[in-house]
Amino acid sequence: MHLFKKNSELQQYLKAKQEQGLSIGFVPTMGALHQGHLSLIHNAQEKADIIVCSIFVNPTQFDDKSDLAKYPRPVSKDMEKLEAIGCHVLFLPSAEEIYPPDLPEVHFDLAGLDKTMEGAHRTGHFEGVVQVVHRLLDIVQPDSLYMGQKDFQQFTIIKRMLKLMDSPIQLVRVPIMREEDGLAMSSRNVRLSETGRKKAGKINKILFQAQEDAKKMDLATVRANALTRLKEGEFDVDYFTIVDGDSLQEINRFEQSKTSVVCTTIRIDGIRLLDNIILKEA
Ligand code: PAF
């Protein structure tokens, strides 16, 4: 695996590959890689010739500076994992490479996609995500980009950004990878206490139950039942909502949207755990 820390060196390497007619698949990450990230890379390997993974813990997407400080950074373990699955390139830039002082600011009209759910709880988070993904795409210039369904809102926002840029980059959504008890894989899971981890394994059961309920009940009842179960389980709920997969606005009837997704964020041990299930997709 090639390791690049400088934009110019990465770009020189990738230009040569593109001149040979090889396609570039890109997987942006913040490291602390788990099976979920590795499945993004597997997906990329199926569709592209050269796979680039970046690890950059982006400070501009953290509204909570202690969360940024606590974010795990096991870089040498990450490198071993990437080597083992045959990733071709790791891009490991410094903050100076990503954010040089003369970098022009980017602004996109996100049509309120950044204001609901996570956006309502993490001020400026998606502005930071858009800023870094835009910058990384500008450096890597990939043919395809792989992002996880677990961060459904992030995926939807990047989809809109690419549309507004009129970008030819193919955006691929990769399904959620789950632990044995169904907990959605996340770099944050390692910070859970033993009891917190057990409790976290129950979140997905409530989502899957909501999926079952949705086959026979209206969405208001589905939502109310799930909230009752979350209350009974003494979960600290940031939000539990059923949204349209494009507008991310809450819906009350399936007929209102082509894609409907149940999304939640639960706090355990002060850690925000995201999960979602796509109920219906056209
Ligand atoms: O999902 C993540 O890990 C990050 O938000 C991303 C897309 C790598 C941008 O920093």
Side-chain angles (χ1 to χ4, degrees), residues 4 7 10 24-41 43-44 51-65 67-75 77-78 81-82 87 89-99 103 106 108 110 113-114 117-119 121-140 142 144-162 165 167 169-177 184-191 248 263 265 271-276:
F4 295 105
N7 305 342
L10 172 71
I24 312 293
F26 179 44
V27 179
T29 80
M30 297 206 298
L33 303 179
H34 49 67
Q35 284 304 322
H37 296 110
L38 302 186
S39 86
L40 297 177
I41 296 194
N43 259 269
I51 312 308
V52 179
C53 172
S54 65
I55 297 182
F56 178 64
V57 183
N58 175 35
T60 69
Q61 69 188 74
F62 286 82
D63 56 331
D64 176 351
K65 293 302 163 205
D67 196 21
L68 171 63
K70 283 187 218 148
Y71 205 86
R73 292 167 171 84
V75 177
K77 274 198 190 146
D78 285 349
K81 289 178 189 168
L82 291 172
C87 181
V89 175
L90 169 60
F91 182 42
L92 196 62
S94 63
E96 290 72 31
E97 284 295 297
I98 297 296
Y99 298 125
L103 184 71
V106 288
F108 290 98
L110 297 176
L113 295 176
D114 56 330
M117 300 194 286
E118 287 305 292
H121 291 268
R122 303 180 68 185
T123 314
H125 169 66
F126 288 117
E127 276 169 36
V129 170
V130 164
Q131 182 187 33
V132 77
V133 174
H134 181 271
R135 173 74 176 134
L136 287 166
L137 293 179
D138 196 37
I139 297 168
V140 179
S144 49
L145 168 66
Y146 299 80
M147 302 191 82
Q149 180 196 320
K150 188 175 80 66
D151 296 296
F152 190 86
Q153 187 170 12
Q154 168 171 278
F155 174 86
T156 308
I157 287 173
I158 297 302
K159 186 166 84 175
R160 177 163 172 92
M161 181 189 86
L162 292 174
M165 288 164 63
S167 168
I169 298 170
Q170 186 200 357
L171 175 63
V172 179
R173 189 184 72 210
V174 178
I176 298 178
M177 292 290 285
M185 288 187 184
S186 161
S187 307
R188 292 197 164 88
N189 293 351
V190 294
R191 286 168 45 202
L248 302 182
C263 297
T265 288
I271 299 159
R272 303 183 70 250
L273 300 171
L274 284 69
D275 202 347
N276 66 74

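As a basis for the values below, the full set of heavy atoms in this structure was taken, side chains included, without hydrogen atoms, waters or symmetry mates. Read the numbers this way: they start at 1 and go in the same order the structure lists the ligands and their atoms.
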So do the side chains of Leu137 and Leu162 get within less than 4.5 Å of each other, counting heavy atoms only?
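In contact.
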So, are Arg191 and Asp67 salt-bridged, with charged N and O less than 4.0 Å apart?
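The answer is yes: the pair qualifies as a salt bridge.
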Quick check: does any side chain N or O of Asn7 sit under 3.5 Å from a backbone N or O of Glu97, one acting as donor and the other as acceptor?
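Such a contact is found between Asn7 side chain and Glu97 backbone.
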Give a yes or no on whether the backbone of Ser186 and the side-chain of Lys150 come within a donor-acceptor separation of less than 3.5 Å.
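The answer is no, because no donor-acceptor pair under 3.5 Å joins these two groups.
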Could you tell me, for ligand 1, which of its N or O atoms are under 3.5 Å from any protein N or O, listing the pairs and their distances rounded to 0.1 Å?
{"residue": "ligand 1", "atom": "1 (O)", "partner": "Gln154", "partner atom": "NE2", "Å": "2.8"}
{"residue": "ligand 1", "atom": "5 (O)", "partner": "Gln61", "partner atom": "NE2", "Å": "2.9"}
{"residue": "ligand 1", "atom": "5 (O)", "partner": "Gln154", "partner atom": "OE1", "Å": "2.7"}
{"residue": "ligand 1", "atom": "10 (O)", "partner": "Gln61", "partner atom": "OE1", "Å": "2.6"}

Which one of His125, Gln154, Gln153, Arg272 satisfies the side chain to side chain donor-acceptor pair (under 3.5 Å) criterion with Glu118?
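Answer after filtering His125, Gln154, Gln153, Arg272: Arg272.
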Does the plane of the ring in Tyr71 sit parallel, tilted or perpendicular to the ring in Phe62? Use 30° and 60° as the thresholds.
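The arrangement is perpendicular - the two ring planes meet at more than 60°.
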